[in-house]
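Quick note: numbers below take in every heavy atom, side chains included, and nothing from hydrogens, waters or symmetry partners. Note that this is a predicted model, so its numbers are computed, not measured.
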Amino acid sequence: AERGRNYLYHLEDQPKALVDINKTLTIEPEDIIALQALFWYHIRRRELAGAEAAYNRFQAAYPESFHLKRFMAYLLALRGKKADALAIELNNFDRAFLYCYLGQYEQVMGLLKLYYDQEYLANKSSAYLQLKNNSFLRGVRNDPRFQKMLTKHKTLYDEYLIEYGDADN
């Protein structure tokens with residue numbers, strides 16, 4: 001089930017992701033990462049009943065979690081209540097991904113620039129792998145502004161690989 005922890009970035013392979021999520025939840029029924037991934041699995045597939053069930057399961061296990069507000073925004077969006085979803089107070093990161101989910105790509109780019117360029121790069125952090133692999137960003141991947149942002153983070157990532165080596169080795 002340990003390999004199940006990789007599903008957050010690999011939900012594109014949805015059948016495998018669901019198998020891995022379920023294996024993890026069989027072993028650890030309240031695994032916070034697996035419960036989150038189960039929610040995202042259903043959100044990405046736009047399966048309202050599954051997303052609501054995953055939300056309720058997560059809420060029962062973690063009633064005070066800060067994730068619940070973000071999850072509710074996506075549930076509202078999936079229910080077709082776009083204005084209600086956007087009315088929920090979210091940080092720039094979460095709001096950018098919600099706009100992406102809603103197909104509002106112009107808003108996405110401004111928030112991504114704020115979050116990834118100002119916050120990450122100002123702290124000498126690279127978000128290259130997240131930008132490159134997160135399937136929520138599929139709708140903006142070909143935007144030249146996104147490509148420029150990705151290039152900046154790839155440069156910093158490569159510098160860190162030279163300086164510190166690959167974390168997998």
For [Y], does its backbone N or O pair with a side-chain atom of [X] as donor and acceptor, under 3.5 Å?
| X | Y | value |
| --- | --- | --- |
| Asp94 | Leu90 | no |
| Arg95 | Leu86 | yes |
| Gln59 | Tyr55 | no |
| Tyr41 | Gly50 | no |
| Asn133 | Leu129 | yes |

[atom1]/[X] to [atom2]/[Y] distance, rounded to the nearest 0.5 angstrom?
| X | Y | atom1 | atom2 | answer |
| --- | --- | --- | --- | --- |
| Asn22 | Leu38 | CG | CG | 6.5 Å |
| Met72 | Leu76 | CE | CG | 6.0 Å |
| Lys113 | Arg145 | NZ | CZ | 10.5 Å |
| Thr151 | Lys154 | OG1 | NZ | 9.5 Å |
| Lys148 | Lys152 | NZ | NZ | 5.5 Å |
| Phe58 | Leu68 | CZ | CG | 5.5 Å |

[X] and [Y]: which non-hydrogen atoms are nearest, and at how many Å?
| X | Y | result |
| --- | --- | --- |
| Leu25 | Ala34 | CD2-CB, 3.6 Å |
| Arg79 | Leu48 | CG-CD1, 3.8 Å |
| Leu150 | Lys132 | CD1-N, 3.9 Å |
| Leu112 | Ala96 | CD2-CB, 3.9 Å |
| Ala77 | Leu98 | CB-CD1, 4.2 Å |
| Ala61 | Leu35 | CB-CD1, 4.0 Å |

Next item on the list: Indicate if Tyr164 and Leu156 have the same hydrophobic cluster label, given that clusters are the connected sets of ILVMFWY residues with side-chain heavy-atom separations under 4.5 angstrom.
Entry: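 Yes, Tyr164 connects to Leu156 through the hydrophobic network.
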Please confirm whether the ring centroid of [X] lies under 6.0 Å from the ring centroid of [Y].
| X | Y | value |
| --- | --- | --- |
| Phe66 | Phe71 | no |
| Tyr99 | Tyr105 | no |
| Phe97 | Trp40 | no |

Checklist line | side chain to side chain contact (heavy atoms under 4.5 Å, CB included) partners of Ala51, counting only residues at least two apart | finding: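 Here the qualifying residues are Phe39, His42, Ile43, Leu75, Leu78.
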Next item on the list: List the steps and the verdict of side chain to side chain contact (heavy atoms under 4.5 Å, CB included) for Tyr128 and Thr155.
Entry: CA-CA 9 Å; Tyr128 172 68; Thr155 299; over 6 Å; no
Next item on the list: Take Gln36 and Tyr62 through the test side chain to side chain contact (heavy atoms under 4.5 Å, CB included) and record every step on the way to the result.
Entry: CA-CA 11 Å; Gln36 288 176 67; Tyr62 301 97; over 6 Å; no
